[in-house]
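Written out below as structure tokens is the structure these notes cover.
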Amino acid sequence: MALKGTAVLSWGDSWSNNPSGFVSIRVKNLNTARNFVCFGGFSSNKATKSVEDENPAKPTIENVVSRGLYKDLSLTSLPKPLSVADLTVTPNNEKKVRISFKGLPGSYSEEAALKAYPKCETLPCDEFEDVFKAVELWLADKAVLPIENSSGGSIHRNYDLLLRHRLHIMGEVQLVSDLCLLAMPGIRTEQLKRVLSHPQALASSDVFLSKLGVAVENVDDTAGAAQYVASNRLMDVGVIASARAAEIYGLNILANRVQASFSLPFFDDPGYITRFLVLARDPMIPKTDKPFKTSIVFTLDEGPGVLFKALAVFALREINLTKIESRPQRKKPLRVVDDSNTGNAKYFDYLFYIDFEASMAEPRAQSALGHLQEFAPFLRILGCYPMETSV
Ligand SMILES: O=C(O)C(=O)C[C@]1(C(=O)O)C=C[C@@H](O)C=C1
């Protein structure tokens with residue numbers, strides 16, 4: 001999806017695709033756009049091919065159990081999750097913002113969407129890829145996507161998808177999840193033989209579950225697990241999911257806050273926190289009236305200290321980094337270290353994702369990115385958005 005031959009670069013475009021080196025921002029409000037034209041003038045004559053050129057692939061269906069959940073639904077009143085091949089959703093009534101998320105109603109992702117937009121209409125999707133597609137195809141206004149959680153760390157698949165799609169990050173939501181053990185009405189904890197949930201939720205409830213001595217089984221999302229148990233009336237199977245999922249699928253809550261069972265009495269356990277991103281087709285106009293964060297992705301050439309140099313552009317300007325993540329470049333995973341060797345010395349080539357605490361409306365952020373672009377062959381701004389300062 002290269003933009004060769006154009007001098008206008010939108011927020012989601014890679015700077016490496018801009019042959020003129022002059023950068024302006026394609027935004028609706030032209031007055032505000034003036035703030036960002038100062039990105040222009042940095043020449044970029046390095047890579048001309050975007051690292052994102054590959055077409056988004058249809059995601060593999062890794063979890064057959066979970067797919068089965070959606071097929072076996074007997075609770076037909078619930079919205080059917082959207083998949084790429086199934087785009088028959090009713091048009092938005094224009095009053096409510098419609099948010100796509102992965103999972104079924106009652107999942108933590110839906111809870112995050114409702115936290116960000118309490119009056120929104122939520123659109124369940126089968127796969128993360130579909131969550132992006134729903135917005136790209138105007139079936140949803142925004143998407144809510146988990147990006148990291150306090151127990152498992154980064155959700156790598158979503159870092160990859162952020163680059164492969166052209167949506168913009170326009171917000172973040174931090175959700176403290178209360179993981180509950182659910183079961184069919186009338187069932188006691190001792191009767192459970194198996195517990196189903198999302199792998200992260202199971203991992204976070206590990207101590208609690210091993211005390212119960214039950215087998216655990218991964219499924220795609222917590223609410224999907226609740227629906228499966230409810231619709232199949234599984235009497236010896238428990239679920240780790242939200243209280244809201246219990247309500248929606250008619251299950252009982254046998255235990256609350258099962259993620260906290262390992263904490264010592266004096267330890268103030270903040271719980272199981274997931275950070276979600278809010279994505280939209282259009283970028284948010286950066287301001288300086290509240291704390292903003294900017295997310296970028298870039299590549300670096302080989303050489304001693306290049307990552308150190310890249311990080312220094314922020315340190316020099318007193319810009320705090322909140323996150324750094326690296327992912328292998330799919331199209332170019334291996335690199336020959338130098339010409340003199342026999343070709344054996346190869347290692348992975350990486351994309352670096354950084355979140356920093358500054359607004360693109362601030363000169364220090366613009367100058368840091370201008371500096372970074374001097375030696376980063378590829379650089380893309382994923383979004384500039386208000387920071388979530390509380391959970
Ligand atoms: O299973 C859910 O309830 C989800 O919303 C999915 C998901 C995820 O994909 O990471 C989101 C938040 C929690 O970290 C656990 C699972």
Side-chain angles (χ1 to χ4, degrees), residues 59-63 65-67 69-70 78-79 81-82 99-117 120 122-132 134 140 142-162 172-182 195-206 208-209 216-230 238-249 251 253 256-260 270-279 325 388 391:
T60 52
I61 302 162
E62 287 152 1
N63 199 317
V65 176
S66 166
R67 273 291 176 158
L69 302 184
Y70 297 151
L78 290 163
L82 184 77
I99 316 264
S100 58
F101 70 97
K102 177 180 172 278
L104 287 189
S107 69
Y108 292 106
S109 295
E110 192 192 43
E111 220 165 288
L114 291 165
K115 185 181 175 194
Y117 299 93
C120 73
T122 53
L123 181 66
C125 297
D126 253 355
E127 304 285 348
F128 285 129
E129 183 92 46
D130 304 335
V131 175
F132 282 82
K142 293 179 175 67
V144 162
L145 190 76
I147 197 73
E148 60 179 329
N149 67 56
S150 54
S151 70
S154 297
I155 299 166
H156 293 132
R157 167 114 188 99
N158 288 341
Y159 275 95
D160 297 343
L161 287 172
L162 274 178
E172 63 177 353
V173 187
Q174 296 193 36
L175 187 79
V176 183
S177 306
D178 190 1
L179 302 180
C180 307
L181 176 67
L182 316 181
V195 170
L196 312 182
S197 196
H198 185 277
Q200 279 309 323
L202 288 174
S204 301
S205 323
D206 188 32
F208 174 84
L209 292 172
V216 295
E217 222 167 282
N218 290 342
V219 293
D220 240 12
D221 77 295
T222 56
Q227 191 202 49
Y228 181 64
V229 168
V239 168
I240 301 292
S242 66
R244 203 163 154 267
E247 200 180 305
I248 294 174
Y249 302 105
L251 298 178
I253 301 177
N256 271 301
R257 290 185 58 78
V258 299
Q259 77 277 2
Y272 174 68
I273 303 174
T274 309
R275 191 166 72 90
F276 293 84
L277 299 177
V278 183
L279 307 174
E325 183 63 55
E388 172 107 314
V391 286

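Both counts, for ligands and for their atoms, begin at 1 and track the order of listing. Not measured: the values here are computed from a predicted model.
Residues of the protein with a heavy atom under 4.0 Å from ligand 1 are Ser107, Tyr108, Ser109, Phe128, Pro146, Asn149, Ile155, His198, Asp221, Thr222, Tyr272, Thr274, Phe276, listed by chain and number.
The pair Glu388-Lys115 meets the salt-bridge criterion, with a side-chain N (NZ, NE, NH1 or NH2) lying under 4.0 Å from an Asp/Glu carboxylate O. Taking 4.0 Å as the cut-off between side-chain N and carboxylate O, Glu110 and Lys102 do not count as a salt-bridged pair. Ion pairing between a basic and an acidic side chain is recognised when a charged N comes within 4.0 Å of a carboxylate O; Glu172 and Arg275 show such pairing.
Taking the side-chain hydrogen bond (donor to acceptor under 3.5 Å, both in side chains) definition, one finds that Tyr117 meets it with nothing, sequence neighbours left out.
A donor and an acceptor atom, one from each side chain of Thr222 and Ser197, are nowhere located under 3.5 Å apart. For the 3.5 Å distance criterion, the side chains of Thr274 and Glu148 fail to qualify, holding no donor opposite an acceptor.
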